[in-house]
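Below is one structure. I have some questions about it.
Below, each value reflects all heavy atoms present in this structure, side chains not excepted, and no hydrogens, waters or symmetry copies.
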Amino acid sequence: MGVESVERERESSEGTIPAEFIRSENEQPGITTVHGKVLEVPTIDFSDPDEEKLIVQITEASSNWGMYQIVNHDIPSEVISKLQAVGKEFFELPQEEKEAYAKPPDSGSIEGYGTKLFKEISEGDITKKGWVDNLFNKIWPPSVINYQFWPKNPPSYREANEEYAKHMHKVVEKLFRLLSLGLGLEGQELKKAAGGDNLEYLLKINYYPPCPRPDLALGVVAHTDMSTVTILVPNDVQGLQACKDGRWYDVKYIPNALVIHIGDQMEIMSNGKYKSVLHRTTVNKDKTRISWPVFLEPPADHVVGPHPQLVNAVNQPKYKTKKYGDYVYCKINKLPQ
């Protein structure tokens, strides 16, 4: 099938990278990263019994940063370790085994191995690419799961992912409740507005092999997530960067924390109170970086807009109301919303 693979490019490179991976100077991390300073985004103790304090912390972090880390979240460390182990094992398989899970070219779904999400920018005759391979799987609810795209090797892949999804529910419920209360809404309102029990968990494994020129390339270019919220765990290799006041900083990761990104749909539902975070990923010369974001997404035909209780004569809607699938189509194809 010959799926394009960064791992294959790496194996054939000899200290250089092809032109399609070299970013323009205003994107190159060697030039645009603030060196010597690490961004310490807010860290929130999710087990704090003082709910009022938690609401304030979550609201401020979601409004001022759009990215934070939660600790003491009750997902056992061994559950996260198993998720990471099976993902790593899959990407270390021979290329032809991974390609068995490739997304069919005519598929309308994002699921599968080696998929590209956004249309890449063309500069002259060169289409730019990120230094990353991907695997996408929907892991919740059961009605949207397509096991055709779940690796059968390693054999424990399914069990590890289902266990992670099961533990994720409590985090999702609590986070949405706190985000709702922070807007002065009833606790269930934002989850309901995002699709309720039909909210989809889309797991993406990002695999960033060592890159001979990490100063020139990016794993994932600057973007905001389309989701309501993204919940991410990385391995121990630094790579996540956030844009703060127009400058790019490395984000300090706390072991066993969950990294939370506010996504576009949450910004829309909050009518701009919560901010979708602009972030990107760098790569490493010697080490493989892997991350496991779970995008919490409304079903494609679910209509999302500013929450009616947050809109009035004084606070006019700042965003259009539209089906999530239409929003995704416009963003992927770089069309105006």
Side-chain heavy atoms of Thr288 within contact of Pro210, under 4.5 Å = yes
key: Glu159 CD: over 12 foreign heavy atoms closer than 6.0 Å   = no
key: Any side-chain heavy-atom pair of Glu200 and Leu202 under 4.5 Å   = no
inquiry  = If I take atom CG from residue Leu310 and atom CD from residue Glu189, how far apart are they, to the nearest 0.5 angstrom?
reply    = 9.5 Å
message = Using the rule given for side-chain hydrogen bond (donor to acceptor under 3.5 Å, both in side chains), can you reason through Arg280 versus Gln241, listing the C-alpha separation, both sets of side-chain angles and the distance that settles it, and then say yes or no?
response = CA-CA 5 Å; Arg280 69 182 188 183; Gln241 292 192 332; 2.7 Å; yes
query = Less than 4.0 Å between a side-chain N and a carboxylate O, is that true for Lys323 and Asp301?
reply = no
ask   = How about Lys322: does its NZ atom have over 12 heavy atoms from other parts shown lying under 6.0 Å from it?
value = yes
message = With a 3.5 Å distance limit and no angle check, can you tell me whether Arg23 reaches the backbone of Lys129 through a side-chain donor-acceptor pair?
response = yes
Same cluster (ILVMFWY, side-chain, under 4.5 Å), Leu232 and Val41 = yes
message = I'd like to know if the side chain of Asn333 and the backbone of Leu335 have a donor-acceptor N/O pair within less than 3.5 Å.
response = no
task = For His307 and Val311, run side chain to side chain contact (heavy atoms under 4.5 Å, CB included): C-alpha distance rounded to whole Å, both residues' side-chain angles, the deciding distance at 0.1 Å, then the answer.
result = CA-CA 7 Å; His307 195 286; Val311 174; over 6 Å; no
key: Under 3.5 Å: donor-acceptor pair, side chain of Asn235, backbone of Ile290   = yes
message = Any carboxylate oxygen within less than 4.0 angstrom of a Lys/Arg side-chain nitrogen, looking at Asp245 and Arg247?
response = no
request  = State plainly whether the residues Lys82 and Glu78 are in salt-bridge range, i.e. N to O under 4.0 Å.
outcome  = no
ask   = Do Leu135 and Phe149 have side-chain heavy atoms sitting under 4.5 Å apart?
value = no
query = Going by an N to O cut-off under 4.0 Å, is there a salt bridge joining Arg177 and Glu51?
reply = yes
ask   = side chain to side chain contact (heavy atoms under 4.5 Å, CB included) between Asn161 and Leu203: does it pass, once the steps are laid out?
value = CA-CA 9 Å; Asn161 279 269; Leu203 171 73; 2.9 Å; yes
ask   = Are Gln95 and Tyr113 close enough, and set up right, to give a side-chain hydrogen bond (donor to acceptor under 3.5 Å, both in side chains), and what steps lead you there?
value = CA-CA 11 Å; Gln95 186 64 24; Tyr113 166 72; 3.1 Å; yes
ask   = Taking atom CG of Asp250 and atom CG of Leu240, what is their separation to the nearest 0.5 Å?
value = 9.0 Å
inquiry  = How long is the straight-line distance from CG of Asp133 back to CD1 of Ile205, given to the nearest 0.5 Å?
reply    = 11.5 Å
ask   = Do Ile231 and Val259 touch side chain to side chain, with heavy atoms closer than 4.5 Å?
value = no
query = Is it the case that more than 12 heavy atoms not belonging to Glu25 sit under 6.0 Å from its CD atom?
reply = no
request  = Classify the ring geometry between Tyr101 and Phe90 as parallel (under 30°), tilted (30 to 60°) or perpendicular (over 60°).
outcome  = perpendicular
message = When you compare the side chain of Thr321 with that of Pro306, does any pair of heavy atoms fall below 4.5 Å?
response = yes
inquiry  = Does the structure place the NZ or CZ of Lys174 under 6.0 Å from the centre of the six-membered ring of Phe46, at an angle of no more than 45° from the ring's axis?
reply    = yes
ask   = Hey, are Lys138 and Glu111 close enough for a salt bridge, meaning a charged N less than 4.0 Å from a carboxylate O?
value = no
query = Shortest non-hydrogen contact from Trp248 to Ala222?
reply = CZ2-CB, 3.5 Å
ask   = Do the side chains of Val251 and Val34 join up, straight or via other hydrophobic residues, at under 4.5 Å, putting them in one cluster?
value = yes
His223 side chain to Val221 backbone, donor-acceptor under 3.5 Å = yes
ask   = Any Lys/Arg nitrogen of Lys170 or Glu173 sitting under 4.0 Å from an Asp/Glu carboxylate oxygen of the other?
value = no
CG (Asn312) with more than 12 external heavy atoms under 6.0 Å = yes
key: Rounded distance [0.5 Å steps], NZ in Lys204 versus OG1 in Thr230   = 10.0 Å
message = Measuring only between side-chain heavy atoms, which start at C-beta, is Val294 closer than 4.5 Å to Met168?
response = yes
query = If you measure from NE2 on His167 to CD on Glu162, what distance do you get to the nearest 0.5 Å?
reply = 12.5 Å
ask   = Where do Val303 and Tyr324 land on the side chain to side chain contact (heavy atoms under 4.5 Å, CB included) test, with the steps shown first?
value = CA-CA 6 Å; Val303 175; Tyr324 179 61; over 6 Å; no
message = By the definition ring-ring contact (aromatic ring centres under 6.0 Å, His included), identify the one residue from Tyr157, Tyr207, Trp292, Tyr208 that meets it with Phe91.
response = Tyr207
ask   = Has Asp74 got more than 12 heavy atoms of other residues, nucleotides or ligands less than 6.0 Å from its CG?
value = no
Leu199 vs Phe176 side-chain heavy atoms within contact, under 4.5 Å = yes
message = Gln238 vs Asn284, test: side-chain hydrogen bond (donor to acceptor under 3.5 Å, both in side chains). Steps then yes/no.
response = CA-CA 8 Å; Gln238 168 63 43; Asn284 190 288; over 6 Å; no
ask   = Okay, side chain of Arg289, backbone of Val237: is any donor-acceptor separation there less than 3.5 Å?
value = yes
query = Taking atom CG of Asn271 and atom CG of Leu183, what is their separation to the nearest 0.5 Å?
reply = 10.0 Å
key: More than 12 heavy atoms from other groups under 6.0 Å of CD on Glu186   = no
task = Please say whether the positively charged group of Lys244, taken as NZ for Lys or CZ for Arg, lies over the ring of Trp65, i.e. under 6.0 angstrom from the six-membered ring centre and within 45 degrees of the axis.
result = yes
request  = Apply ring-ring contact (aromatic ring centres under 6.0 Å, His included) to the pair Tyr201 and His169, showing each step before the final yes or no.
outcome  = CA-CA 10 Å; Tyr201 298 15; His169 296 324; 5.4 Å; yes
Donor-acceptor contacts, no H, no angles, side chain residues 260-270, under 3.5 Å, sequence neighbours left out:
unit_1	atom_1	unit_2	atom_2	d
His261	ND1	Asp225	OD2	3.2
His261	ND1	His279	NE2	3.4
Asp264	OD1	Thr224	OG1	2.8
Asp264	OD1	Ser276	OG	2.7
Asp264	OD2	Tyr327	OH	2.7
Asp264	OD2	Lys331	NZ	2.6
Gln265	NE2	Met226	O	3.1
Glu267	OE1	Ser276	N	2.8
Glu267	OE2	Tyr319	OH	2.7
Ser270	OG	Met266	O	3.0
Ser270	OG	Glu267	O	3.1
Ser270	OG	Lys273	N	3.3
Ser270	OG	Tyr274	N	2.9

task = With the side chain counted from C-beta on, respond yes when Pro298 and Thr228 share a heavy-atom pair under 4.5 Å apart, and no when they do not.
result = yes
ask   = If every non-hydrogen atom of Gly187 is compared with every non-hydrogen atom of Leu181, which pair is closest and at what distance?
value = N-CD2, 3.9 Å
Derivation and outcome, side-chain hydrogen bond (donor to acceptor under 3.5 Å, both in side chains), residues Gln69 and Tyr253 = CA-CA 8 Å; Gln69 300 186 69; Tyr253 175 65; 5.8 Å; no
